[in-house]
Every structure is written in structure tokens, then in C-alpha cells.
**Student:** 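Before anything else, here's the structure in question.
Naming convention: chains lettered A, B, ... in sequence-line order (proteins, then strands); numbering from 1 in each chain.
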Number of protein chains: 2
Amino acid sequence: MKLGRLNHIGVATPSIPESVAYYREVMGATSITEPFDLPEQGVKVCFVDTPGENGTNGTQIELIEPLGPDSTLTGFLAKNPAGGQHHLCYEVPDIAEARAWFEGLGKRILGPTRIGAHGTPIFFLHPKDMMGQLTEIMESPRGGH
Amino acid sequence: MKLGRLNHIGVATPSIPESVAYYREVMGATSITEPFDLPEQGVKVCFVDTPGENGTNGTQIELIEPLGPDSTLTGFLAKNPAGGQHHLCYEVPDIAEARAWFEGLGKRILGPTRIGAHGTPIFFLHPKDMMGQLTEIMESPRGGH
């Protein structure tokens, strides 16, 4: 496998509206998507765009808020009430090939491949097998980020 | 202030050689800098390059390992022995202007402005004032990353 683009950094938050205000008013973000629910992951999501080099799209910040009390994020926020960095997401050209690659290395994959926040297939890898980093692998969107 | 480029994600590790092997062999990184000491921050550092859009440079992964037992990283690694995401670093065009901006907002700045791993001035902001994210602000390097 070849290292792909760092699509986004997942940042957990107790409140997307509060985080959106923070990114706009403190950090000066100008492009933030509307929040939407991702019931399969148990989260509400929105993206903060950051600028890349030479006018390209940079790595996004994915704000994630628990969708109900059974969210996988509930435990994270209990430990980090203000929120914080939650996962890293790298793009790959072919999700099935990437899944086979990590399986071949004996890495624990958390659940089946499913559709992620960008509408392309994704899976997560166990942080204990990834040097402490909860890692999402996503298939690159066609013609956009 | 306007949101700048996400220059790097700081990832703490108990061992840079182990992390470098992980990024090469598991994640498929091909461009990793030589490690060097940054005694002012009490860390050893190296950068993993990730690809950006259209052949540009993407956000880097900054691997940071404690430089001696008094490093600020020692506490982080005691809580996260395998390592993990430590901070986010955004670029600004003018470090003094950015410092005045955050001071004006009443955000706690951790120590004086100093020279960071890319050879330009940097400072850190307290995670409790930044929605749980330890945030580094760095002046953009001239003609490179």
C-alpha cells in the first residue's frame, strides 16, 4: 500500500454548534458544511475546510458529536469532556485492496466496510494496532473531497 | 484571523524508529525526514510527508518522542503508552499578529514565541481554551514546508 492523502482529522465535540462557532470566530474558518446525521456510526458530522497548498483543498477537520447516548463517542467524551482529536483518515484508491492489505498484516478492523461521511466506503482500524491512532481508511471520492 | 493551512498533526510516540517503521511498512509512507532534536521543546522530531491534492504537499505527520525524562511528552505517554494524536498545527502569515489575536480573545498561550521544527516562529495554545485541542500556531515557511 502507498500512503494516501490525509483526507480529514476527526475531532470529537460535545456540541457541533459550539465547535462551529469556535472554528469561525477563534480560528477564522470561512467554509464549514451543514451538519448531518450518520446513524450507522452513531454520530452527527460536519466538515471544516482548511486551505491546502496553491489553492488546493487541504485536510478537513471532521467535527463529530454523539448521536444519542449509545454512540461510540460517548466513552471518548466522558474521558475528554471538552472534546479533542479522535481519529485520522487516509484515502486509498481501492477499499477492498486496502482491507486485504491490513488483514494480511494482522491488524484488527473494526466492523464491516460501510459508507462514510463522504459517501464512499470506509473502515476503521484498532488504535492498539496502529500505534495509538484510531485510523479510518476511505476510498477517494471521484472528483471531489 | 483567517484559518491557515493545516501544516502538521503532532503524533506522540515512545519510539521514533518504531513509528518510522510503522509508517513505512504498514501505512506505505515513502518520504520521511531524518529525526533531529528540538531541545527547546524537549522532543526528538521527524516528519512523515503525505500527498496533497494535485501533486502538492499535504499535511505532515510530526512524530515526537520525549528527549529525556523531563519532556512535556512524558505525561502524555504515561497516559497513552502506545502514543497517539498530540496536537494540531496551523500556519499563519504573521506570528506576532496571530499572538495578539489569541491574546485579545483571552486564550492562554503556553510560553514565549520560539523557533519550531520548521525553523519559523511558533507558539502553543492551551487545549482547555481550544475545545480540547492542543493547538500550535506557526509562521509559514518561506518557499517550502
**Student:** With chain B as the partner chain, list the residues of residues 31-45 of chain A whose heavy atoms fall under 4.5 Å from it, by residue number, and write 'none' if nothing qualifies.
**Tutor:** none
**Student:** Would you give me the side-chain donor-acceptor pairs under 3.5 Å for residues 77-85 of chain B, sequence neighbours excluded?
**Tutor:**
unit_1	atom_1	unit_2	atom_2	d
B:Asn80	ND2	B:Phe76	O	2.9

**Student:** Side chains of A:His86 and A:Glu62: do they bring a donor and an acceptor to under 3.5 Å?
**Tutor:** no
**Student:** Within 45° of the axis and under 6.0 Å from the centre of the six-membered ring of B:Tyr90, does NZ or CZ of B:Arg5 qualify?
**Tutor:** no
**Student:** Under a 4.5 Å heavy-atom cut-off, does chain B meet the side chain of A:Val11, its backbone, both or neither?
**Tutor:** side chain
**Student:** Among B:Thr113, B:Ile109, B:Leu134, which residue meets the side chain to side chain contact (heavy atoms under 4.5 Å, CB included) test with B:Phe124?
**Tutor:** B:Leu134
**Student:** Pairs in or reaching into residues 108-137 of chain B: which pass salt bridge (Lys or Arg N to Asp or Glu O under 4.0 Å), with residues at least two apart or in two chains?
**Tutor:** B:Arg108-B:Asp129
**Student:** Enumerate, atom names and distances included, each donor-acceptor pair closer than 3.5 Å involving a side-chain atom of residues 15-27 of chain A, sequence neighbours excluded.
**Tutor:**
unit_1	atom_1	unit_2	atom_2	d
A:Ser15	OG	A:Glu18	N	3.0
A:Ser19	OG	A:Thr13	OG1	2.8
A:Tyr23	OH	B:Gln133	OE1	2.5

**Student:** Which bit of B:Leu88 is near chain A, if near means a heavy-atom gap under 4.5 Å: side chain, backbone, both or neither?
**Tutor:** both
**Student:** Taking all heavy atoms of B:Ala29 and all of B:Val48, pick out the closest pair and write down the distance.
**Tutor:** CB-CG1, 3.7 Å
**Student:** Can you tell which of A:Val92, A:Leu105, A:Ile137 has the highest number of heavy-atom pairs within less than 4.5 Å of chain B?
**Tutor:** A:Leu105
**Student:** Against chain A, work out which of B:Ala12, B:Gly4, B:Ala98 has the most heavy-atom pairs shorter than 4.5 Å and name it.
**Tutor:** B:Gly4
**Student:** Determine whether a donor-acceptor pair (N or O, by modelled atom type, separation under 3.5 Å) exists between the side chain of B:Glu91 and the backbone of B:Met138.
**Tutor:** no
